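I have placed the structure first, in the form of structure tokens, so that the comments after it can refer back to it.
Start at 1 and go down the list; that is how both ligands and their atoms are numbered. The structure displayed is predicted, hence computed values, not measured ones.
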Amino acid sequence: MVHFIIVGLLTVASTWYLVTFVFTPENLLPAPASAQAIPIDRLFVIQWFFMAFFLSLIVVFIVYSAVVFRKKKGDTSAGKHFEGNTPLEIAWTLLPLLIVFYAAYEGGVTLEEVERQELEPLVVNVIASQWKWRFEYPEEGIVSEELILLDGKQAVLNLQSTDVIHSFWVPEFRVKQDVLPGGDAFAKQLRITPNQIGDFTIRCAELCGTLHYSMVAEVEVMSKNEYNLWVTEAGECTKSDVECGQELASTYACTACHSIDGSAVVGPTWLDLYGNSVTLADGSTVTADEEYLVESIIKPNVKIHEGFAPDVMIQTFGDDLTEQQITQIVEYIKSLSE
Ligand code: CUA
């Protein structure tokens, strides 16, 4: 009997330690910042409690038995033989069964809560590409490098990839979604209702190539007033063509593949490209003038630069960018030549 009391007390102490560990927030996850995080954290704590209890029970039993009932010197007798224990067998069948049903119930309730749709959400199209995030606000006509969300307002993110599988993850929001290539048929939705004003970081949570680690973007959760201000300012580029082109090259991830320092990345460098002669894959040469640059942006496969592969570059810039935006990017490329 005394053994059971000791094992019981040790199990309670161990469970208590593990449970309080998870309630000390800095030990595990960053502070939650969305309405979806509340039910998710609740479910996490419930599951953690059961895991802490059963882990403690098993480990304490094994360690206690191994130490206290170890073979003593000079003792050659065999252990006492016993067979079957009906009440115990019923208990360890029924109890886990009930826990599984309870876990299924709590899981269902949480999922329903996390996927709940609110009226008139903020719609944002999220486009992932190696190794960059782009955020489009179709209702406002804005394309941004930073994700801007409204405090207390549900956002619907329509996620698509232009190349490989990426994954949208903001730890403070708790929810995560893989982003798939393949067009509208493979578009995924994610609903987030931020409830904290502040800055957070999006991380790509799917290994997606060489620069996967650097595929991060900022999220800023704003009040309604700040948001309105941002919408008026972000709508149009009012700077010089070269500066607007530089911003576009960053927003559309051009410079992820085309370096501006002369190094060859995925595509040819932009440094000293304009005005110089380019050798093509078929051996012929062309001069990189405005016409050539525009054509290479809109129809990248027509003239392939020697040493680089076709079909690597996104083929839809002609539809995604306005004529003015393409001119601005070309102006920026021109500014990189002496
Ligand atoms: Cu995109 Cu990892």
Next item on the list: Give a yes or no on this: more than 12 heavy atoms of other residues, nucleotides or ligands lie within 6.0 Å of atom CD of E89.
Entry: yes
Checklist line | Donor + acceptor pair across side chains of S277, T287 (<3.5 Å) | finding: no
Item checked: CD (E291) with more than 12 external heavy atoms under 6.0 Å -> no
Checklist line | Metal environment of atom 1 (Cu) of ligand 1, protein N/O/S under 2.8 Å | finding: H166 ND1, C204 SG, C208 SG, M215 SD
Notebook entry, point to check: D311: what forms a side chain to side chain contact (heavy atoms under 4.5 Å, CB included) with it, not counting sequence neighbours?
Noted result: N301, Q315
Note to self: Around atom CZ of F101, are there more than 12 heavy atoms from other residues, nucleotides or ligands closer than 6.0 Å?
What the structure shows: no
Check: Any side-chain heavy-atom pair from L147 and I202 closer than 4.5 angstrom?
Finding: yes
